[in-house]
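Working notes for the structure below.
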Amino acid sequence: MRGRFPPSSRVRGLEYAIREIAALARELEEKGRKVIYLNIGDPLRYGFSPPPILRRALAEAVEEGYNFYAPSEGLEEFRQAIAERERRANGVRMDADDVIVTQGVSEAINFIMAAMLEEGDEVLLPSPCYPVYVNYVRLYGGIPRFYKITPEEGEWRIRLENSSISPKTKIVVIINPHNPTGALISREEVASLIDVARKVGACIISDEIYDRIVFEGNFYSTAVLSDDVPVIGLNGFSKSYMVTGWRIGYMYFSDPGGRLAEVKEAIVKLARNRLSAPTPAQRALTKVIRSGEGFIEDLKREFRRRRDLLISLLREVDGVELTAPRATFYAYPRLTVRGDWGDDLGFAKKLLIEEGVAVVHGAGFYDYRRDRFRLVFLPPPEVLSEAVDKIRVFIKRHALQAQ
Ligand code: PLP
């Protein structure tokens with residue numbers, strides 16, 4: 001007889017550190033402790049809400065009868081609106097047939113890795129990296145390799161070592177703007193990653209979910225910069241439309257040579273197995289995309305105000321160095337002093353237990369330097385001030401020596 005049911009070896013190594021820190025925070029809250037959450041990449045948890053026009057459109061969609069399973073690739077009108085949006089905002093040459101609607105960008109990442117990877121295939125990823133990429137690569141038998149996103153002269157820059165690329169590199173992943181650093185990848189750097197992909201015959205996945213949340217500099221969509229290397233662009237509505245819980249994202253194929261045609265077919269088959277992404281949300285988003293995205297400007301203004309505040313607050317903290325985020329709602333400081341907290345995980349845990357401030361340690365993003373952490377600048381100004389004050393006091397109390 002079978003005894004216990006152990007999880008499959010495939011999933012045993014999976015981690016999702018962002019949520020693991022949240023579990024510890026909840027435990028403390030249940031014991032009556034106050035926790036300031038700086039670990040969650042969800043504007044809705046900080047008082048932001050979807051624009052009224054979108055909330056109304058969702059109610060209307062339900063009343064109009066958009067409650068059925070949509071086609072697995074997405075509602076036709078929605079795919080058209082997405083193509084219009086990508087053409088208008090980013091200059092991508094594409095149409096509705098290139099789009100597959102997914103249950104968030106998360107599902108798109110899952111589908112692509114499932115449809116593309118064979119055992120031992122290598123995927124070149126940024127380090128630090130949004131952890132879901134590493135997890136899905138491993139789940140489907142792939143091997144993650146990394147290029148670095150690292151501070152140089154006050155800006156985030158890409159650094160790639162030749163040893164990370166090989167003829168086995170099948171996919172190059174670009175996350176632009178980048179989570180967790182808040183980096184905006186420059187035109188030249190996107191071009192250099194396209195060159196790398198061309199050299200080894202890889203395709204590119206370009207995650208552009210933060211493309212609307214850019215404070216300084218210009219955003220360049222990878223698909224626009226690549227003439228020949230096939231690109232799968234990923235984007236979604238979770239962040240800039242503030243509908244994280246609606247679970248709507250999309251992928252589009254920018255693939256003039258048709259090299260990904262079979263992969264696209266395979267992904268459509270995978271999508272059929274889960275039937276559909278939420279239909280009312282697709283209908284509502286179609287209307288709002290077409291009415292313009294003016295509300296994003298207001299949102300960005302507010303994010304920017306909070307980012308500026310965080311930068312100025314962290315400048316006053318001894319033992320922390322921050323390379324300014326040019327986009328997203330994340331900051332990724334480095335600890336410049338050693339402390340009795342040990343490594344980055346020790347820092348995050350001890351800070352949470354002693355000061356009630358939740359951040360995510362860099363290793364949660366597969367950053368092996370072990371001296372960094374991520375925080376969001378989504379809370380209101382007074383909460384951000386209180387949190388940074390607690391971080392300052394904590395570092396002062398536990399720092400061992402200057403490095
Ligand atoms: N890609 C990146 C870079 C992200 O930071 C996130 C969420 O934090 C996602 C994808 C997931 O987005 P979605 O809500 O569309 O699944």
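Please read all numbers here as calculations on a predicted model, not as lab measurements. We count ligands from 1, going down the list as the structure has it; atoms in each ligand are counted the same way.
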Considering only distance and modelled atom types, tabulate donor-acceptor pairs under 3.5 Å from the side chains of residues 102-113, sequence neighbours left out.
residue : atom : partner : partner atom : Å
T102    : OG1  : G104    : O            : 2.8
T102    : OG1  : G249    : O            : 3.4
Q103    : NE2  : S276    : O            : 2.9
E107    : OE1  : Q103    : N            : 2.8
E107    : OE1  : R274    : NE           : 3.1
E107    : OE1  : R274    : NH2          : 3.1
E107    : OE2  : R274    : NE           : 3.1
N110    : OD1  : Y140    : OH           : 2.5

Students often mix this up, so state it plainly: with edges at 30° and 60°, are the rings of Y250 and F237 parallel, tilted or perpendicular? tilted

Location of contacts on [X] toward ligand 1, heavy atoms closer than 4.0 Å:
X    : value
S238 : side chain
R247 : side chain
K239 : side chain

Using only heavy-atom distances, determine whether the side chains of S221 and E208 contain a donor-acceptor pair under 3.5 Å. yes

List the steps and the verdict of side chain to side chain contact (heavy atoms under 4.5 Å, CB included) for I40 and V376. CA-CA 7 Å; I40 316 171; V376 298; 5.9 Å; no

Check whether any heavy atom of F237 sits under 4.0 Å from an atom of ligand 1.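 No heavy atom of F237 comes that close to ligand 1.
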
Work out whether the distance between some heavy atom of G249 and some atom of ligand 1 is less than 4.0 Å. no

Report yes or no: is the cationic atom of R306 (NZ for Lys, CZ for Arg) closer than 6.0 Å to the six-membered ring centre of F377, at no more than 45° off its axis? no

Minimum non-hydrogen distance to atom 2 (C) of ligand 1, winning option of I175, D207, T244: D207

Looking at ligand 1, does any of its N/O atoms fall within less than 3.5 Å of an N/O of V105?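 In this structure, V105 places an N or O atom under 3.5 Å from an N or O of ligand 1.
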
Can you confirm, on distance only, whether ligand 1 has an N/O atom lying under 3.5 Å from any N/O atom belonging to Q103?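 Q103 vs ligand 1: no N/O contact under 3.5 Å.
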
If you take the centroid of each ring, where Trp contributes its six-membered ring, are F347 and F394 closer together than 6.0 Å? yes

